[in-house]
Amino acid sequence: MLKLLVGVAVAMGLLALAVNALQKRLMYFPDTTHFTPEQAGISGVTERVIETADGARVLAWQAPAAPGQPTILYFHGNAGSLETRVERIRKYMARGLGVFMMTYRGFGGSTGSPSEAANVADAKQAYDVLVASGVPAEDIIVYGESLGSSVAVQVAAARSVAGLVLDAPYTSMVDLAALHYPHIPGRWFMTDRYETRRHIAGVTAPLLILHGENDGIVPVAMGREVFALAHAPKVLKTFPGAGHDNHYKYGSYEALYAWIAQLRAEKLTAKEP
């Protein structure tokens, strides 16, 4: 019996190691090339280096907001880097919005390897760096894209923010793994779980969720579940015909700008005597 128990324990340990290695390969698809803003062809953007407590160097691009406008603290998805989101940054800047976009470890010039623990810790430090640069909490809107939606939720649950935007949010990475890789055993051994379903309860800031109704990567049903679990005030905007990363063609930028304008109007009204 003892040999059997030892054998089972060893097998479970090996499975846990295998699942941990496999999850990294299936979860993160970094573009490791380092582009400066100048090399990416965008002006008015400064590259920042976040020095983490454990010795990593995490890069972020920052553009100042126009007077009276908020800054978007942006956490991107599981692929590409900062350079691949230049057009998004340009659109925000054209509206006068500030941008502070962090990339994860191992992406686009940042050192180290991505993990949920590292990404969330770095994201919280990015928030602190942004505040230290002179942007008050009441002017920070946290934005999470796909993978970054759970990172954004955890930041908004731990820090004071003006608002939270979730772009194609999922309930948990475990749920997504079960959906897309049902044949892979050991999902209970996943370390990067990104339990949005659990963390959303800690968010009290106004919430906007954007989701394509034909999203084949993160089903819109997950976005609706996250919305149902969130505290008010909250807004859900879904886009018929839109997939995972093309809802901008269906009006999501306009929905975002209108929501931000409403937030700012309510802020001004609240300050009136």
Side-chain angles (χ1 to χ4, degrees), residues 23 26-29 72-80 85 88 91-92 101 104 116 119-120 123 140-159 161-182 187 190 192-263:
Q23 74 172 359
L26 297 178
M27 198 177 298
Y28 305 110
F29 302 92
I72 295 178
L73 177 58
Y74 192 106
F75 303 112
H76 63 68
N78 71 338
R85 291 164 175 85
R88 183 167 293 225
K91 286 183 180 294
Y92 294 155
M101 185 180 290
Y104 309 118
E116 180 180 9
N119 293 346
V120 172
I140 296 176
I141 293 174
V142 180
Y143 190 117
E145 169 204 329
S146 193
L147 174 79
S149 63
S150 191
V151 176
V153 166
Q154 294 183 58
V155 171
R159 300 288 192 270
V161 300
L164 172 65
V165 182
L166 301 180
D167 180 339
Y170 47 93
T171 49
S172 78
M173 195 58 68
V174 179
D175 293 340
L176 277 182
L179 176 67
H180 292 293
Y181 306 105
R187 286 185 292 273
M190 290 177 62
D192 291 8
R193 303 177 72 83
Y194 293 102
E195 297 279 2
T196 307
R197 181 191 288 108
R198 176 165 61 89
H199 294 294
I200 193 67
V203 177
T204 57
L207 171 68
L208 170 65
I209 290 180
L210 306 169
H211 216 128
E213 293 188 8
N214 287 350
D215 192 330
I217 297 177
V218 181
V220 69
M222 286 192 179
R224 291 191 173 110
E225 182 174 344
V226 172
F227 178 78
L229 292 170
H231 296 293
K234 55 186 178 179
V235 175
L236 172 65
K237 292 287 187 181
T238 65
F239 303 92
H244 184 65
D245 56 4
N246 69 343
H247 51 61
Y248 64 92
K249 296 180 180 178
Y250 297 80
S252 63
Y253 279 121
E254 292 73 17
L256 172 64
Y257 300 150
W259 180 78
I260 291 176
Q262 182 64 29
L263 274 188

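Worth saying up front: this structure is predicted, and the values here are computed from it rather than measured. The figures that follow rest on heavy atoms only: side chains count, while hydrogens, waters and symmetry mates do not.
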*Do H247 and D167 have side-chain atoms, one donor and one acceptor, less than 3.5 Å apart?*
yes

*Indicate yes or no: at least one non-hydrogen side-chain atom of R224 is less than 4.5 angstrom from one of I209.*
no

*Spacing of CD1 belonging to I260 relative to OH belonging to Y92, to within rounding of 0.5 Å*: 7.5 Å

*M173 CE to D192 CG distance, which is reported to the nearest 0.5 Å*: 8.0 Å

*Closest approach of A168 and V218, non-hydrogen atoms and distance?*
O-CG1, 3.8 Å

*Can you measure from NZ (K234) to CG (L229) and round to the nearest 0.5 angstrom?*
8.0 Å

*For V226 against Y170, the heavy-atom pair lying closest together*: CG2-O, 3.7 Å

_Quick one, P169 and H211 - any side-chain contact, counting heavy atoms below 4.5 Å?_
yes

*Working to the nearest 0.5 Å, report the span between CE of M190 and CE of M27.*
4.0 Å

_Non-hydrogen atoms of G163 and L263 that approach each other most closely_ = CA-CD1, 4.4 Å

_Nearest heavy-atom neighbours spanning A162 and P206_ = O-CD, 3.4 Å

*asked:* Just so I know, are the side chains of L210 and Y250 near enough to count as touching, which here means a heavy-atom distance under 4.5 Å?
replied: no

*Is any side-chain heavy atom of Y28 less than 4.5 Å from a side-chain heavy atom of N119?*
yes

*Taking C-beta and beyond as the side chain, do V151 and Y194 meet within less than 4.5 Å on heavy atoms?*
yes

*Quick one: pull up CD in E225 and CG in D175 and give me the separation to the nearest 0.5 Å.*
7.0 Å

_Using ring centroids (six-membered ring only for Trp), state whether H76 and Y104 fall under 6.0 Å._
yes

*Are H199 and S150 close enough that a side-chain donor and a side-chain acceptor fall under 3.5 Å?*
no

*Pick out which of V142, V203, V153 makes a side chain to side chain contact (heavy atoms under 4.5 Å, CB included) with L166.*
V153

*Determine yes or no for a side-chain-to-main-chain donor-acceptor pair under 3.5 angstrom, with H231 supplying the side chain and A201 the backbone.*
yes

*State, to 0.1 Å, how close F239 and A255 come at their nearest heavy-atom pair, and which atoms those are.*
CZ-CB, 4.2 Å

*Taking the side chain as every heavy atom from C-beta outward, state whether E213 and P240 have any atom pair closer than 4.5 Å.*
yes

*Can you tell me if R88 and Y74 form a side-chain donor-acceptor pair at under 3.5 Å?*
yes

_Quick check: closest heavy atoms across V220 and G212, and the distance to 0.1 Å?_
CB-O, 3.7 Å

_Rounded distance (nearest 0.5 Å) linking atom CD1 of I217 with atom NE2 of H180_ = 6.5 Å

*Compare all side-chain heavy atoms of D215 with those of M222 and state whether any distance is below 4.5 angstrom.*
no

